[in-house]
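These figures come from a predicted structure and were not determined experimentally. All chains are named by letter (A, B, ...) in the order of the sequence lines, taking the proteins before the strands, and each is independently numbered beginning at 1.
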Amino acid sequence: MKKFYGIEIESPLMLGTAQYPSPSILISCFNKSKASVATVSLRRESSTSQSGNNFWSIIKKLNVRILPNTAGCHTVKEAITTAHMAREIFSTKWIKLEVIGEEDTLQPDVFGLVEASKILSDEGFEVFPYTTEDLVVAEKLLNAGCKVLMPWGSPIGSGQGLNNIFGLKALRSHFPEIPMVIDAGIGVPSHATKAMELGFDAVLLNTAVAKARDPIMMAEAFSYAILSGSLGKKADPMEPREMAVPSTPIFGKAFLDYDQ
Amino acid sequence: MFQIKIIGSGVAGLCVAKELIEKKTNITVIDKCNVPGPESCSWWAGGMLAPWCEGESTEKIIVDLGQESIPWWSKNVKNVVQNGSLIVALSRDERELKRFQRRTENYDILENEGVCELEPDLGKKFNKGLFFKNEAHLSPRDSLSELKNDLIKNGVEFVNEEFQFDENTYDKKEIIIDCRGLASKDEQKSLRGVKGEMLIIECPEINFTRPIRLLHPRIPLYIVPRGKGIYMLGATMIESNDNKNISARSLMELLNAAYAINPIFGEAKIKEIGVDARPSYPDNIPSIRRKDNVISVNGLFRHGFLLAPALARMVSELIFENKVPEIISEYSS
């Protein structure tokens, strides 16, 4: 498996920590999903007084690598302030960088994203940019210092799956060496399987598990889906063909002895 | 006669007192604040007695135990209104309504006319609604005052001081019931605060007669009528112990959602902004625990008025029948 800023993660599932019915269900979901990374969004209000401490200590106890998230930031400045806070609270250089450009689709503002990536990379952060499948933007993010890309499957929380398979495939094959995480839009386990089959290195999701009627069961379902997709990719699947090929050739057929 | 000291007089403390006073006990309620008042998070409650709606996002035991709240409050205070609750979503978010419907029970499905008929001030914009006709609501502040006055009449003494537990002077014949919520955080490390923000607005032009919940993928909102054109808008749920400041975003979102329900809310007067933190265990399930003669009732989360009656009953059963409470958070020890 590819390394993320030199770190090899145990399973290619990154799970968000928001919107669960309770922290204890969140903990069970991490256990069942076998996720190896937890993303945590910070609200600036709760950081100043350390008042979110109880929740953060629960997250720290999950015993997985933490990827703080600048969720909900609309400007470069906000994103950078949040990244600084996150580094202080979770003592990590990792930061999932979100700069939101449009309120309705929560589409990334790719211009702001590139700018913030440059600033944070220069400051020593290890940036995981939440971006689209756009190749040109990807190139610029890499030039800005990012060594990981996080293209969206579809808009955050929409559960629409992988919206632009062609674009994602193109991105994958353009930068075969870059670790890439499909982030956002995953609705059901088969979406995650598909992402792994396309050759992405990990999948990040949150709502699909947190908002299921039974989040713990859904977390388990995702663990199988991710495993299925990555084994399927690793096993080097057959090529699709335009014509039928009989799966049992003549020579392999058992004899039917009419005399008996 | 049993000597009982109840520490904390939010909704949990008062309900426990009410339940125990009927057992011929001698009760003192101790609170460092003069209650009912804004220091207790019950003061800022929505006051919805909506067990079936809560089923959307909570465990079955909450739905079951919550049903005790409607007869309990109806018997003990005067301001309970049993007029159901109405759930709506804007047409773009109708899938949220479907999800809610799948996860709850005991409702009627209404089409556009049905929604208009129940609450004409919703206008015609909601094509569908869910009506939970057995649910009720109350005014939390009036209810707390009524309970307190009734308790005083029945001989309960209220003491306005901070409770100091002193092992040396502790009288073993006395039962102490700790209902302090987040104030017992030092002893109960797993308790955390879940911040809630709410508004009280005045908008006499709108006449809603039951709580209305607007489902929305990002900003769900409920509006509870308090009578005379007063409405409570609530409430956010944020992982934070902060109980002081509302954020600009929360304020904006609450008002935006109200505006989406009916633009006339744009003309409302904002009477109060409330912020507090709900005492919660990691599973968001409340708990009753006993250690010697000290009983703790805590972790009511967002279900204070909904669950306090059932918890009070269990405290009484624990004391008089030695019966194990039906609800114990795994995390409360």
Does Arg192(B) reach the side chain of Ile58(A), with side-chain heavy atoms less than 4.5 Å apart? yes
When the 4.5 angstrom heavy-atom criterion is applied to Arg302(B) and chain A, the contacting part is neither
- State whether the number of non-hydrogen atoms from other residues, nucleotides or ligands found under 6.0 Å of Lys98(B) atom NZ is greater than 12. no
- Any donor and acceptor pair, going by atom type alone, linking the side chain of Asn284(B) with main-chain N or O of Pro23(A) inside 3.5 Å? no
Cut-off 4.5 Å, heavy atoms of chain A, and the answer for Ser280(B) is neither
Taken to the nearest 0.5 Å, the spacing of Asp283(B) CG from Leu26(A) CG works out to 12.5 Å
Okay, Lys189(B) and chain A: the region with an atom under 4.5 Å from a heavy atom over there is backbone
Between the CZ atom in Phe301(B) and the OG atom in Ser22(A), the distance rounded to the nearest 0.5 Å is 8.0 Å
- Message: Closer than 4.0 angstrom, basic N to acidic O: yes or no for Arg103(B) and Asp214(A)?
- Response: no
Value for CZ (Arg213(A)) from OG (Ser57(B)), rounded to nearest 0.5 Å, stands at 8.5 Å
- Message: Just checking Glu10(A): does its CD atom have more than 12 heavy atoms from other residues, nucleotides or ligands closer to it than 6.0 angstrom?
- Response: no
Original post:
Hey, is CZ on Phe111(A) packed in by over 12 heavy atoms from elsewhere, all under 6.0 Å?
Top reply: no
Handout entry: Beyond-backbone contact of Thr17(A) with Glu239(B), side-chain heavy atoms, under 4.5 angstrom
Key = no
